[in-house]
Amino acid sequence: MSDALTPHARHLITHAEHPVAAPLAEASVDAVLAHALGRGRAAPRLLDLGCGQAAWPLRALAGRPDATAVGVDLNAGALEWARTEADRRGVGERLELVAADAGAYGGEEAGFDAVLCVGSTHAFGGLEETLAAAGRQVAPGGTLVAGEGFWEREPTPAALGGLGAVPSDFADLAGTVDRCLAAGWTPVHGHVSSAEEWDAYEWAWTGSLASWALDHPDHPAAAEAAAEAAEHRTRWLGGYRGVLGFVTLVLRAWGPQLRTGG
């Protein structure tokens with residue numbers, strides 16, 4: 001048994017109670033998906049870049065029996081969980097899972113009715129890079145769903161320290177939308193995560209890790225997991241809570257030349 005938790009194992013623990021790896025409630029996820037896929041397209045195809053446990057594709061497939069989806073992530077453990085869950089829900093035949101770096105995924109271009117990258121823009125190097133790379137996968141007339149942090153208010157030193165961030169890492173909400181518009185993408189729907197959604201996500205993240213440590217006191221990584229949960233909780237409650245927001249935007253391109261950056 002390893003003396004430390006692998007990143008893959010840590011992800012499964014911290015998201016055990018909140019498989020959506022972003023501060024959105026399940027109802028909010030459904031509403032975003034309805035806007036992303038609900039434009040009358042038959043047999044829509046969805047791509048989730050940085051899918052984690054494939055919570056978004058699983059909900060999309062459950063709600064649209066005619067849909068198919070591809071999920072891409074480096075976390076083999078999360079993908080294994082997703083495969084088991086997809087089979088349990090009866091949607092396994094319509095879900096393809098790819099173990100790869102989302103930022104380097106070279107799947108079929110311009111073939112998906114909806115492309116998602118929610119909370120994983122770091123895989124591409126930032127929001128603008130995500131819009132350019134993920135946008136190339138969107139079929140004409142399709143949607144790009146981007147989930148990104150933004151400053152609810154001027155970041156404090158405590159918030160910056162808690163996130164390990166600098167002010168330029170995020171814009172405010174208006175600036176985030178402006179970045180999308182400048183890249184040729186216009187919002188047709190948006191969801192700003194509520195304080196309750198943020199709190200539910202953070203309590204689940206820290207609480208699941210703390211509970212795991214308490215339930216496995218003899219594990220070599222128990223003390224490390226407990227300390228990490230406590231540190232994360234302190235950085236959140238004493239740092240970025242109420243400072244960092246999160247917005248999930250459903251975007252459409254003005255035209256192919258804007259979508260591809262050409």
Can Q53 and E85 be said to form a side-chain contact (heavy atoms from CB on, under 4.5 Å), step by step? CA-CA 9 Å; Q53 293 167 251; E85 186 65 10; over 6 Å; no
Go through the steps for V192 and L173 under the test side-chain contact (heavy atoms from CB on, under 4.5 Å), then give the verdict. CA-CA 9 Å; V192 175; L173 181 56; 4.0 Å; yes
Verdict with reasoning, R89 to L58, per side-chain contact (heavy atoms from CB on, under 4.5 Å): CA-CA 8 Å; R89 299 186 188 189; L58 286 171; 3.6 Å; yes
Between E17 and Y201, does a side-chain contact (heavy atoms from CB on, under 4.5 Å) hold up when you go through it step by step? CA-CA 9 Å; E17 297 180 9; Y201 175 71; over 6 Å; no
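Side-chain contact check for E148 and T121: at least one donor-acceptor pair (N or O, by modelled atom type) lies under 3.5 Å. For the residue pair Y240 / E202, a side-chain donor-acceptor distance below 3.5 Å is found, with atom types taken as modelled. In this model, a donor atom of one side chain and an acceptor atom of the other lie less than 3.5 Å apart for E197 and H191.
Across all non-hydrogen atoms, the minimal contact from S168 to R179 is O-NH2, 4.0 Å. Shortest non-hydrogen contact noted between L249 and C180 is CD1-SG, 3.8 Å. Here the shortest heavy-atom pairing between A22 and V118 reads CB-CG1, 4.0 Å. Considering all non-hydrogen atoms of both residues, A69 and P57 come closest at CB-CB, 3.9 Å. Pairing each heavy atom of G147 with each of F246, the nearest pair is C-CZ, 3.4 Å. Of all heavy-atom pairs spanning A222 and A213, the tightest one is O-CB, 3.4 Å.
Taken from CG in D218 to NE2 in H216, the straight-line distance is 10.0 Å, to the nearest 0.5 Å. Here E228 contributes atom CD and W212 contributes atom CH2; the two are 10.5 Å apart, rounded to the nearest 0.5 Å. Of the inter-residue distances, the one linking W56 atom CH2 with L33 atom CG reads 5.5 Å to the nearest 0.5 angstrom. Separation of atoms CG (L47) and CD (E96) is listed at 9.5 Å; rounding is to 0.5 Å. Here CD of E224 is found 9.0 Å from CG of L209. Values are rounded to the nearest 0.5 Å. To the nearest 0.5 Å, atom CG of residue D73 and atom CG of residue D101 are 9.0 Å apart.
Both V20 and V145 belong to a common hydrophobic cluster when Ile, Leu, Val, Met, Phe, Trp and Tyr are linked at side-chain heavy-atom distances under 4.5 angstrom. Under a hydrophobic clustering in which Ile, Leu, Val, Met, Phe, Trp and Tyr are joined whenever their side-chain heavy atoms come within less than 4.5 Å, directly or via other members, F112 and L95 fall into different clusters. Connection of V72 to L97 is not established within any shared hydrophobic cluster, with ILVMFWY side chains joined at heavy-atom distances below 4.5 Å, either directly or through further cluster members. Under the 4.5 Å side-chain heavy-atom criterion for grouping Ile, Leu, Val, Met, Phe, Trp and Tyr, L160 is connected to V243 within one hydrophobic cluster. Side-chain heavy atoms closer than 4.5 Å link hydrophobic residues (I, L, V, M, F, W, Y) into clusters, and following such links, even through other members, never connects V91 to L37.
Under the 4.5 Å side-chain criterion, counting only non-hydrogen atoms from C-beta, L5 is in contact with I13. At a threshold of 4.5 Å between non-hydrogen side-chain atoms, the residues T248 and L24 count as touching. W198 places none of its side-chain heavy atoms less than 4.5 Å from the side chain of R241. Inter-residue side-chain proximity for V250 and V32 is flagged as met; some heavy-atom pair is nearer than 4.5 Å. The side-chain heavy atoms of L46 and T68, taken from C-beta on, include no pair separated by under 4.5 Å. Side-chain contact between V177 and P187: present, with at least one pair of heavy atoms (C-beta onward) separated by less than 4.5 Å. A 4.5 Å side-chain heavy-atom check between L131 and L127 finds at least one atom pair inside the cut-off. Between P44 and R64, some side-chain heavy-atom pair lies under the 4.5 Å cut-off.
Open room surrounds CD on E80; 12 or fewer heavy atoms of other groups in view lie less than 6.0 Å from it.
Under the rule for a side-chain contact (heavy atoms from CB on, under 4.5 Å), the partners of R233 that lie at least two apart in sequence or sit in another chain are W203, T206, A230, W236, L237.
At least one donor-acceptor pair closer than 3.5 Å links the side chain of D169 to the backbone N or O of V166. Not one N or O on the side chain of R235 forms a donor-acceptor pair closer than 3.5 Å with the backbone of G161. When atom types are taken as modelled, the side chain of S120 and the backbone of C117 share no donor-acceptor pair closer than 3.5 angstrom. A donor-acceptor pair under 3.5 Å is absent between the side-chain atoms of D48 and the main chain of G71, judged by distance alone. With hydrogens and angles ignored, the 3.5 Å screen pairs a side-chain donor or acceptor of R94 with a backbone N or O of A67.
Sorted by first then second residue, the ring pair (Phe, Tyr, Trp, His ring centres under 6.0 Å) pairs that include residues 145-170, not counting sequence neighbours, are W151-F170.
W205 and H18 have their aromatic ring centers separated by at least 6.0 angstrom.
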